[in-house]
Amino acid sequence: MYKLLKKEGMAKRGEFETVHGTIQTPVFMNVATVAAIKGGVSTEDLEQIGTQVVLSNTYHLHLRPGDDVIYKMGGLHKFMNCKQPILTDSGGFQVFSLSENRKIREEGVYFRSHIDGHKLFMGPEESMRIQSHIASTIAMAFDECPSARAEHEYVKMSVDRTTRWLVRCKKEMDRLNSLPDTINKNQMLFGINQGAIFDDLRIEHAKRIADMDLDGYAVGGLAVGESHEEMYHVLDVVTEHLPKNKPTYLMGVGTPANILEAVDRGIDFFDCVYPSRNGRHGHLYTKKGHLNLLNAKYELDDRPIEEGCQCPACRRYSRSYIRHLLKSGEMLGMRLCVLHNLYFYNHLTEDIRKALDEGRFKEFKNKTLEGFKEYDTEDSQFKYDIAKGWKKG
RNA sequence: UCCUCAAUAGCUCAGUCGGUAGAGCAUUCGGCUGUUAACCGAAGUGUCGUAGGUUCGAGUCCUACUUGGGGAG
């Protein structure tokens, strides 16, 4: 059940009750595609980071280890020792990201495994069955995520099919939840709005799925090639047509600035690979903007990644040391960076909730966005002198 | 002392029949949005050991020298 606690403009502060605990929204969901947060982050680490929800993936878990294995092991929570709510993406995004290895038909999608090349079929029913086996808290509808550059005609055809798939998803989910051997009989289903960057398709689709009384509504097919302005415009257009008493989820987004802007447009749930993937690549998020720890100017920087940050990396290690670990290809370097970035994202959404509670979200948003610009204009305190090499001051 | 092999980018090495040099790594800088991504992309750098010679033209052929490896004594 979703409870709206407070509203400021379109921005919502809410609570979402699940069988695995209550989620405070807006919330960032931490991506663990193959039942692991890449970079060596364990479920014990989640407490330190301050996470609420974990996200995993139907397609990837189906391929390996197999949803039958997870079912026999008692469901994903038990399997990966996770006590927090878990949302599983349906495999719909792999229709987009693995587009070289699949064919889309009315009945579903024929994939060729990216691991060993074998053929497999996934339609709405298969996706629901796999997610029911996995026994996640929230299942996502099986959809097609078309490219942002797709033409109106194609997107219309695709969205209509995604709607028909949603009807099949709902029917199959209801059936699965009533079976005696189902692990999580309260598994919830979120529908996904599509329509690329076309207002008419987005609105028409939003209205159609809003009538279906689902547990939540996602906006999908964004951050797949369109500009930030186009993305924000779609949110402006779409969120008002989605049910007010249900959570909204902007799939796969985004940068810290994207999240602030999307909360301001009524989004409750987020997920993104940025903090984990970029962490592994040395790209760190801070309140002053992002920094690339691989840059030579941090070689002799004895400050933490972010001053005052209470994450496991910043409490103990310098930029200089973590940079060394990254350059040496050491696991610890990636792990510390991922921990920092996830800590940053989860605490950013915590700060957003606090600001909403206190009715000062607008002010918080503007101030935070302003802060992100600082590193863009910063004159580094570490400068390169051709004769003397890197030097402080 | 002699024989022999080598010497090319910061490092390890390619370089055809003589036509003024490339790769990998390293370095520097980018990119990454429901993860096929500890990934991908771009850039910079050379007295081709030194000095001569042959040639229209030499990293490449010849001579000497220098340095290093291996061998003989």
Side-chain angles (χ1 to χ4, degrees), chain A residues 28-41 53-61 63-64 87-102 111-117 127 131 136 138-146 148 190-194 216 218-228 231 249-259 261-262 267 269-283 285 290-299 323 325-338 341 345 384 386 389-390:
Chain A
F28 178 76
M29 302 190 284
N30 301 263
V31 179
T33 304
V34 298
I37 295 175
K38 291 183 195 288
V41 177
V53 187
V54 169
L55 181 146
S56 199
N57 184 277
T58 303
Y59 175 87
H60 288 281
L61 291 181
L63 286 186
R64 196 164 51 189
L87 179 145
T88 38
D89 186 30
S90 61
F93 188 69
Q94 279 61 45
V95 180
F96 168 76
S97 63
L98 302 175
S99 60
E100 309 244 308
N101 301 317
R102 87 318 186 242
F111 286 98
R112 199 167 267 284
S113 162
H114 67 280
I115 297 170
D116 62 11
S127 178
Q131 294 187 72
S136 56
I138 301 166
M140 294 305 299
F142 188 69
D143 66 333
E144 182 196 345
C145 173
F190 280 21
I192 304 172
N193 171 255
Q194 292 289 355
V219 182
L222 290 177
V224 286
E226 81 288 359
S227 68
H228 282 181
M231 176 169 87
Y249 164 26
L250 177 54
M251 303 185 80
V253 175
T255 65
N258 289 160
I259 290 175
E261 293 293 354
I267 300 295
F269 283 58
F270 297 90
D271 84 280
C272 189
V273 304
Y274 267 167
S276 48
R277 182 191 290 168
N278 283 343
R280 270 176 282 134
H281 298 169
H283 179 125
Y285 294 94
H290 63 85
L291 51 90
N292 184 350
L293 250 203
L294 261 7
N295 287 168
K297 61 181 168 182
Y298 302 116
E299 189 180 27
R323 177 175 189 276
L325 292 175
L326 289 173
K327 298 223 91 160
S328 308
E330 283 297 331
M331 186 72 212
L332 179 60
M334 287 181 271
R335 181 177 137 79
L336 291 173
C337 289
V338 173
N341 278 351
Y345 266 70
Y384 189 70
I386 290 168
W390 291 103

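Below, all heavy atoms of this structure are taken into account, side chains as well, without hydrogens, waters or symmetry copies. Proteins get letters first, then strands, A, B, ... in listed order; numbering begins at 1 in each.
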Quiz item: Which is true for A:Q94 with a 4.0 Å heavy-atom rule: it touches a base, it touches only sugar-phosphate, or it touches nothing?
Solution: sugar-phosphate

Exercise. Look at the side chain of A:N292 and decide which nucleotide, out of B:U33, B:G30, B:G34, has an atom nearest to it.
Key: B:G30

Quiz item: When only distance counts, do a donor and an acceptor, one from the side chain of A:H114 and one from the base of B:U35, lie under 3.5 Å apart?
Solution: no

Quiz prompt | Contacts of type salt bridge (charged side-chain N to carboxylate O under 4.0 Å, His left out), residue A:E261, not counting sequence neighbours | solution = A:R265, A:K365

Self-check item: Check: B:G34 base within 3.5 Å donor-acceptor of A:Q131 side chain
Solution: no

Exercise answer: donor-acceptor pairs, residues 325-335 of chain A side-chain atoms, under 3.5 Å, sequence neighbours excluded:
| from | atom 1 | to | atom 2 | distance (Å) |
| --- | --- | --- | --- | --- |
| A:S328 | OG | A:H324 | O | 2.7 |
| A:S328 | OG | A:H324 | ND1 | 3.4 |
| A:R335 | NH1 | A:G40 | O | 3.0 |
| A:R335 | NH1 | A:D45 | OD2 | 2.6 |
| A:R335 | NH2 | A:D45 | OD1 | 3.4 |

Quiz prompt | Side chain A:D143 and base B:G34 donor-acceptor under 3.5 Å | solution = yes

Self-check item: Distance between C1' atoms of B:G22 and B:C48 (Å, rounded)
Solution: 12 Å

Quiz item: Does a nitrogen or oxygen in the side chain of A:K327 sit under 4.0 Å from OP1 or OP2 of B:U27?
Solution: yes

Exercise. Could you check whether A:N57 gets within reach of a base, just the sugar-phosphate, or nothing at all, counting any heavy atom under 4.0 Å?
Key: sugar-phosphate

Quiz item: Taking the nucleotide of RNA chain B with the closest heavy atom to each, which residue, A:N295 or A:V273, is nearer the 5' end?
Solution: A:N295

Taking only N/O atoms, report every protein-nucleotides 38-43 of chain B pair under 3.5 Å with atom names and distance.
| from | atom 1 | to | atom 2 | distance (Å) |
| --- | --- | --- | --- | --- |
| B:A38 | OP2 | A:R280 | NH1 | 2.2 |

Practice problem: Can you sort out the partners of A:Y345 under ring pair (Phe, Tyr, Trp, His ring centres under 6.0 Å), two or more places apart, ordered by chain and number? | Solution: A:F28, A:Y285

Self-check item: Audit row: A:D271, A:Y249, side chain to side chain donor-acceptor pair (under 3.5 Å) steps and yes/no
Solution: CA-CA 9 Å; A:D271 84 280; A:Y249 164 26; 2.7 Å; yes

Quiz item: Who are the side-chain hydrogen bond (donor to acceptor under 3.5 Å, both in side chains) partners of A:E144, not counting sequence neighbours?
Solution: A:Y154, A:S158, A:R161

Quiz item: Is there a donor-acceptor pair under 3.5 Å between the side chain of A:R280 and the backbone N or O of A:V338?
Solution: no

Quiz item: With a non-hydrogen cut-off below 4.0 angstrom, is A:G333 in contact with a base, only sugar-phosphate, or nothing?
Solution: nothing

Quiz item: Quick one: does A:S56's side chain have a donor or acceptor within less than 3.5 Å of a partner on A:T33's backbone?
Solution: yes

Quiz item: Mind checking the C1' distance from B:G49 to B:G30? Whole angstroms is fine.
Solution: 38 Å

Quiz item: NA contact type, A:H228, heavy-atom cut-off 4.0 Å: base, sugar-phosphate, or nothing?
Solution: base

Ignoring hydrogens and angles, write down the donor-acceptor pairs under 3.5 Å from the side chains of residues 92-99 of chain A, residues two or more places apart or on other chains.
| from | atom 1 | to | atom 2 | distance (Å) |
| --- | --- | --- | --- | --- |
| A:Q94 | OE1 | A:N57 | ND2 | 3.0 |
| A:S97 | OG | A:F93 | O | 3.3 |
| A:S99 | OG | A:F96 | O | 3.4 |

Exercise. Measure from the side-chain heavy atoms of A:Y274 and tell me the nearest of B:G34, B:U28, B:C32.
Key: B:C32

Quiz item: Given that A:S97 and A:R323 both sit by RNA chain B, which one's nearest nucleotide is further toward the 5' end?
Solution: A:R323

Quiz item: Based on Watson-Crick and G-U pairs with both distances under 3.5 Å, what dot-bracket line describes RNA chain B 5' to 3', crossing pairs as [ ] and inter-strand pairs as |?
Solution: (((((((..((((.....[..)))).(((((.......))))).....(((((..]....)))))))))))).

Exercise. Looking at every strand, decide which applies to A:Q194 at a 4.0 Å heavy-atom threshold: base, sugar-phosphate, or nothing.
Key: base

Quiz prompt | Which residues share a side-chain hydrogen bond (donor to acceptor under 3.5 Å, both in side chains) with A:S276, sequence neighbours left out | solution = none

Exercise. Identify whether any heavy atom of A:N278 sits under 4.0 Å from a base atom; if not, whether one sits that close to sugar-phosphate; answer base, sugar-phosphate or nothing.
Key: base

Quiz item: Sequence neighbours excluded, which residues qualify as ring pair (Phe, Tyr, Trp, His ring centres under 6.0 Å) partners of A:F270?
Solution: none

